[in-house]
Every structure is written in C-alpha cells, then in structure tokens.
2 protein chains.
Amino acid sequence: MDLPMTSVASNQNNATTSYHHGNLREALLSAAVDSIREQGAENLSLRALARVVGVSQTAPYRHFADKNGLLVELARQTFDELSGITSDCIDPSLSSAENLLRAGEAYLRYAIANPEKYRLIFGSSITNREQYPQLRTSAHSAFNVLLQLMAEGAQRGEFLNTEPMILANNCWSSIHGFALLTIDGVFARKEQPLGFDDMLRTHLQLTLRAIQYIPQNLPGAIPFSD
Amino acid sequence: MDLPMTSVASNQNNATTSYHHGNLREALLSAAVDSIREQGAENLSLRALARVVGVSQTAPYRHFADKNGLLVELARQTFDELSGITSDCIDPSLSSAENLLRAGEAYLRYAIANPEKYRLIFGSSITNREQYPQLRTSAHSAFNVLLQLMAEGAQRGEFLNTEPMILANNCWSSIHGFALLTIDGVFARKEQPLGFDDMLRTHLQLTLRAIQYIPQNLPGAIPFSD
DNA sequence: ACCGGCATGTTTACAGTGAAAACATACTAT
DNA sequence: ATAGTATGTTTTCACTGTAAACATGCCGGT
C-alpha cells in the first residue's frame with residue numbers, strides 16, 4: 001500500500017545491471033509521491049529522486065522537461081483521483097442534497113488524507129499552468145462533477161434557482177477552504193467544541209444550507225433552526 | 001506607494017559610505033514584501049534581498065535567524081493588517097449580518113490585492129510555525145474578530161444558536177476558500193455568469209445564508225428564494 | 001545477421017541558493 | 001578613552017536545477 005510495485009520489470013530482474021532502467025518515469029513519479037507526502041512539494045528535489053531511484057542526477061530530464069513538468073503530472077493524477085472519488089459517491093436515486101453531503105465528505109477525506117497532494121494541485125508550487133492543457137482538462141472534469149450536481153439540484157428544486165456556476169463556486173469555496181484550514185492545522189490550533197468528524201459533517205451541513213432552497217412554512221427543512 | 005522610504009536615515013545620508021547600514025532590518029522586510037509580491041514567497045532569496053539593499057549576502061543573518069524567520073515576521077505583519085482592516089469595518093450599531101458582509105468584503109479585497117502575502121500566512125512556505133508564539137498571537141487575534149462577530153450575531157438571534165466557533169469555522173472556510181480560488185486564478189479559468197464584484201458579493205450573501213437564523217413564516221428574510 | 005538511428009542514461013559543468021565560521025568595524029555605555 | 005557588543009564582511013560548504021556533450025543499447029529496415 002505504501003510502496004506500489006511498478007508493474008513493468010525493473011532493472012533488478014536480470015542479473016546484469018542494465019544501463020537502461022526500464023521504468024524510470026513511473027519510478028520517479030512514485031518516488032515523488034512519497035517525497036511530497038513527507039516533505040511537501042516545495043522541498044522536492046529532482047536530484048534526490050534520482051538518488052532514491054538509483055539513477056544519475058540528470059536522468060529525470062529524459063522524462064520530464066523540468067521539475068515543474070513532473071509536478072504537473074502528479075497534479076494531473078491527483079485531479080483525476082478526486083474526480084473518481086467524488087463521482088463514485090453520486091447516486092442519482094438519492095437527493096441532490098444527500099449526494100452533495102456524500103461527495104463533499106469523500107472530497108474532504110481525500111484532501112485530508114493526502115494533504116501534500118491536495119496542496120500541490122492548488123497553490124503556486126506549480127508554475128505556468130497555462131502551458132499544460134492536460135492539467136486544465138483534469139481540473140475541469142473534477143470541477144464538473146460538482147457543477148453537474150448543482151445543476152441537477154437546482155432543477156429538482158432542492159437548491160436555489162440560480163446559475164449552477166454560482167452555487168458551485170460557493171460550495172467549492174466552502175469545502176476547499178475547510179480542507180486547507182484543516183490541512184494547515186489552523187483548526188487544530190484552536191479549542192474546538194466538536195470532534196473532527198462532527199465538525200466535518202457540521203461544516204458540510206452548513207455548506208448545504210447556504211444553497212438549499214427552503215420551502216416556506218416547512219421549518220423541518222432548516223437545520224439548526226434553534 | 002511602491003517604494004516606501006524607510007523612516008530612519010539610510011546609509012546614503014552621509015557622504016562616507018558607512019559600514020553600518022543603519023536600518024537594515026526594515027530595509028530587508030520592505031524589499032522582501034516587494035519580492036514576494038512579484039515572485040511569491042517560494043522564490044524569495046535572502047542573497048537577492050541583500051543585493052537589492054546593497055549589503056553582503058550574509059548580513060541578513062544578523063537580523064533574522066534564517067529565511068524562515070524573515071517570512072514569519074512578514075506573516076505576522078500581514079495578520080495584523082488583516083485584523084485592523086476587518087475590525088475597522090465592524091460597527092456595533094449595524095446588524096451582525098451587515099457587519100459580516102462588510103468585514104468579509106474587506107477581508108477578501110485585501111487578500112486579492114495582496115495575493116502573495118495572503119498565501120504566505122497560510123500554506124507551507126513558513127515552517128515550524130509552533131516555534132514562533134508571536135505569529136500565533138497575531139493569527140489568533142485576526143480570527144478573534146470573526147469569532148466575536150459570530151458570538152454577537154448568535155446572541156442577537158441573527159445567526160444560528162450554536163457555538164460561535166462552529167459558525168466562525170464555517171464562515172472562515174467559505175471566505176478563505178473563495179480568496180484562494182480567486183488568487184489561484186481558478187475562477188478566472190471558467191466562464192463566470194457574473195462580473196467579479198457581483199460574484200464576490202453573492203458569495204458573501206450565501207456565506208451569510210449558511211449561518212443566518214431564519215424566522216419561520218418570514219420568506220422575505222431568505223435571499224434567492226426563487 | 002547486420003547496422004544505423006533514436007530513446008534513454010551518464011558525466012561534466014555552471015550559476016544560484018541557505019547557512020555556518022571566522023573576521024572586521026563602529027556605535028554606545030561606562 | 002576604551003571595552004564590549006551589535007552589526008557587517010569574507011570565505012567556505014553542501015546543496016539545488018538544468019544545459020551540453022557523451023555513452024549505451026534497443027529496435028526496425030535491409
């Protein structure tokens with residue numbers, strides 16, 4: 001689980017130490033994931049990666065234009081993982097509100113379990129994002145899961161009857177902010193009245209509440225109304 | 001505006017180039033603000049700062065234990081600026097809801113006008129935060145502005161009758177997330193139905209809506225109800 | 001079966017960085 | 001006046017990203 005064996009044969013399969021690694025690109029990416037998990041993307045060193053993988057210090061440049069290129073590839077993978085995790089939560093037979101809570105929780109748990117990967121996909125460790133259309137595509141399809149959910153909820157009358165983009169921006173801000181404040185340990189530095197799981201679910205409830213359509217004279221639909 | 005003259009005499013006052021700079025600490029901080037504004041905190045170089053200020057490359061170490069120490073000082077200043085800006089918005093004669101919208105807008109506008117400073121105070125450019133109690137104090141008092149507002153609003157019956165900390169966590173997440181997504185250019189990369197100012201205010205309205213107590217049978221209190 | 005080209009690795013080199021250590025200077029308090 | 005200390009400088013080390021030139025060996029066409 002911690003050390004995913006690369007599928008293709010590595011250089012240790014044959015007795016003769018082969019000049020060619022055979023799987024360097026994947027090995028570097030895997031080592032990079034470990035490295036940023038432990039020290040963050042800011043401290044990633046291509047030379048250190050090369051050392052770990054057992055290759056000369058400039059070998060990585062045969063597979064990535066530069067350090068930024070490697071980070072972009074990691075970010076792309078991370079966006080795709082987020083897309084998968086959240087869209088797996090969505091069940092059309094459930095209410096949109098329920099789907100939002102489920103997907104939101106999955107998103108937050110992923111972010112918190114992979115703080116450095118989450119930080120990587122936003123923020124400024126990666127530069128010149130506009131030069132990597134694949135990255136934009138992956139990011140876009142992750143956001144689309146949310147956008148679609150908003151459109152559906154608005155159409156069903158569960159959410160406010162507004163542009164789905166507006167609802168999505170709001171939800172995403174709220175969840176993203178919560179993820180980062182958690183990751184950055186800001187909440188942990190204050191005395192919290194709730195345990196973390198309750199805090200997380202309460203936050204999602206409030207996030208939902210911001211965009212939920214409230215039928216008049218139906219107080220039961222309002223959480224926390226007293 | 002861009003080049004704040006340091007108040008104490010600089011070395012160019014006397015004809016003789018003085019060995020001692022006289023105001024190096026402040027000059028370094030000022031140069032550092034310019035530097036991170038242009039290139040971000042990740043690319044800050046103490047040596048480059050020293051060059052700009054006209055001093056040897058290790059002179060900064062007489063005033064800051066290391067690069068992290070300088071960043072901590074910048075972060076502390078930034079937290080204090082945020083405290084000032086937001087608490088200036090709060091007028092006890094207004095409703096808590098109104099105060100939240102005002103302070104929230106000021107907070108967001110500051111963050112967006114000073115993206116690199118805002119990024120600095122969160123995130124991982126600064127390491128070993130726990131070793132700097134002053135930083136924690138400044139961060140704490142910035143958060144307290146919000147916390148107090150929540151307590152007041154809850155007491156007045158404007159906000160949900162819950163722990164102020166829970167309300168504050170939610171509001172802060174929402175506003176923080178919006179600030180970062182804006183700064184990181186994520187919103188800008190999508191087609192937005194609203195101009196930025198409207199988008200900002202709409203987001204704050206929804207953020208308020210998440211925690212606002214809604215008196216039953218009073219539909220006018222619900223924004224966006226259709 | 002050869003062999004030439006190309007993908008993949010290596011060696012070497014350069015310029016930049018944070019930071020420690022030893023040294024120089026000049027302000028300030030006695 | 002002078003000693004002590006705060007402030008600056010020089011030198012040095014280990015590290016980084018990455019460019020350039022070179023080596024190796026796999027793979028496909030003859």
Side-chain angles (χ1 to χ4, degrees), chain A residues 6 8-29 31-32 35-36 38-74 124-128 131, chain B residues 6 8-29 31-32 35-36 38-74 124-128 131:
Chain A
T6 50
V8 184
S10 85
N11 60 346
Q12 298 299 18
N13 274 3
N14 285 335
T16 89
T17 300
S18 64
Y19 188 86
H20 281 25
H21 181 282
N23 202 18
L24 185 51
R25 186 188 155 92
E26 296 308 313
L28 286 170
L29 286 170
S35 171
I36 72 166
E38 286 161 25
Q39 331 181 31
E42 355 257 337
N43 299 331
L44 184 75
S45 156
L46 278 196
R47 291 167 93 120
L49 284 189
R51 246 173 279 137
V52 165
V53 171
V55 99
S56 83
Q57 58 192 20
T58 55
Y61 288 90
R62 295 292 144 190
H63 297 273
F64 302 96
D66 51 18
K67 189 168 137 176
N68 200 44
L70 191 151
L71 290 176
V72 164
E73 177 57 22
L74 288 183
S124 50
S125 294
I126 291 176
T127 58
N128 302 106
Q131 291 172 19
Chain B
T6 49
V8 184
S10 85
N11 59 347
Q12 298 299 18
N13 275 2
N14 285 335
T16 89
T17 299
S18 65
Y19 189 86
H20 281 25
H21 180 282
N23 201 18
L24 184 51
R25 185 187 156 92
E26 296 308 313
L28 286 169
L29 286 171
S35 171
I36 72 167
E38 287 161 24
Q39 332 182 32
E42 356 257 337
N43 299 331
L44 184 75
S45 156
L46 279 195
R47 292 166 93 118
L49 285 189
R51 245 174 277 136
V52 165
V53 171
V55 100
S56 83
Q57 58 192 21
T58 55
Y61 290 91
R62 294 290 144 192
H63 297 274
F64 303 96
D66 50 18
K67 189 168 137 178
N68 201 44
L70 191 152
L71 289 176
V72 165
E73 176 57 21
L74 287 184
S124 50
S125 294
I126 291 176
T127 59
N128 301 105
Q131 291 172 19

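This structure is a prediction, so every number in the text was calculated from the model and none was measured. For the numbers below, each heavy atom of this structure counts, side chains included, while hydrogens, waters and symmetry mates do not.
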So which of residues 59-72 of chain B are in contact with DNA chain D, with a heavy-atom cut-off of under 4.0 Å?
B/Ala59, B/Arg62, B/His63

Calculate, to the nearest 0.5 Å, the distance between atoms OG and OH belonging to B/Ser56 and B/Tyr61 respectively.
11.0 Å

Separation between NE2 (B/His63) and CD (B/Glu73), nearest 0.5 Å, reads 13.0 Å

Please tabulate, one pair per line, each protein N/O and nucleotide N/O from nucleotides 12-15 of chain C that are separated by under 3.5 Å, including the distance.
| from | atom 1 | to | atom 2 | distance (Å) |
| --- | --- | --- | --- | --- |
| C/dA13 | N6 | A/Gln57 | NE2 | 3.4 |

Output the distance between atom OG1 (B/Thr127) and atom CG (B/Asn68), rounded to the nearest 0.5 Å.
3.5 Å

From CG of A/Asn23 over to C1' of C/dA7, roughly how many Å is that when rounded to an integer?
15 Å

Looking at B/Ser45, does any N or O in its side chain come under 4.0 Å of the phosphate oxygens OP1/OP2 on C/dG16?
no

Taking the side chain as everything from C-beta on, heavy atoms only, tell me whether A/Leu49 gets closer than 4.5 Å to A/Ser35.
yes

What's the spacing between A/Leu44 CG and A/Leu46 CG if we round to 0.5 Å?
6.0 Å

Give the C-alpha distance, both sets of side-chain angles, the deciding distance and a yes or no for side-chain contact (heavy atoms from CB on, under 4.5 Å) between B/His21 and B/Asn23.
CA-CA 6 Å; B/His21 180 282; B/Asn23 201 18; 4.0 Å; yes

Please report the distance, rounded to the nearest Å, between CG in B/Asn43 and C1' in C/dG16.
12 Å

Nearest 0.5 Å please: distance from the CD atom of B/Gln57 over to the OG atom of B/Ser45.
9.5 Å

Which part of the nucleic acid does A/Arg51 contact within heavy-atom distance under 4.0 Å: base, sugar-phosphate only, or nothing?
sugar-phosphate

Have a look at A/Leu49 and say if it touches a base, only the backbone sugar-phosphate, or nothing, with a 4.0 Å heavy-atom cut-off.
nothing

Separation of C/dT10 P from A/His21 NE2 (nearest whole Å):
10 Å

Which value, rounded to the nearest 0.5 Å, describes the distance between B/Ile36 atom CD1 and B/Leu70 atom CG?
9.5 Å

Does A/Ser56 place a side-chain N or O at less than 4.0 Å from the phosphate oxygens OP1/OP2 of C/dG9?
no

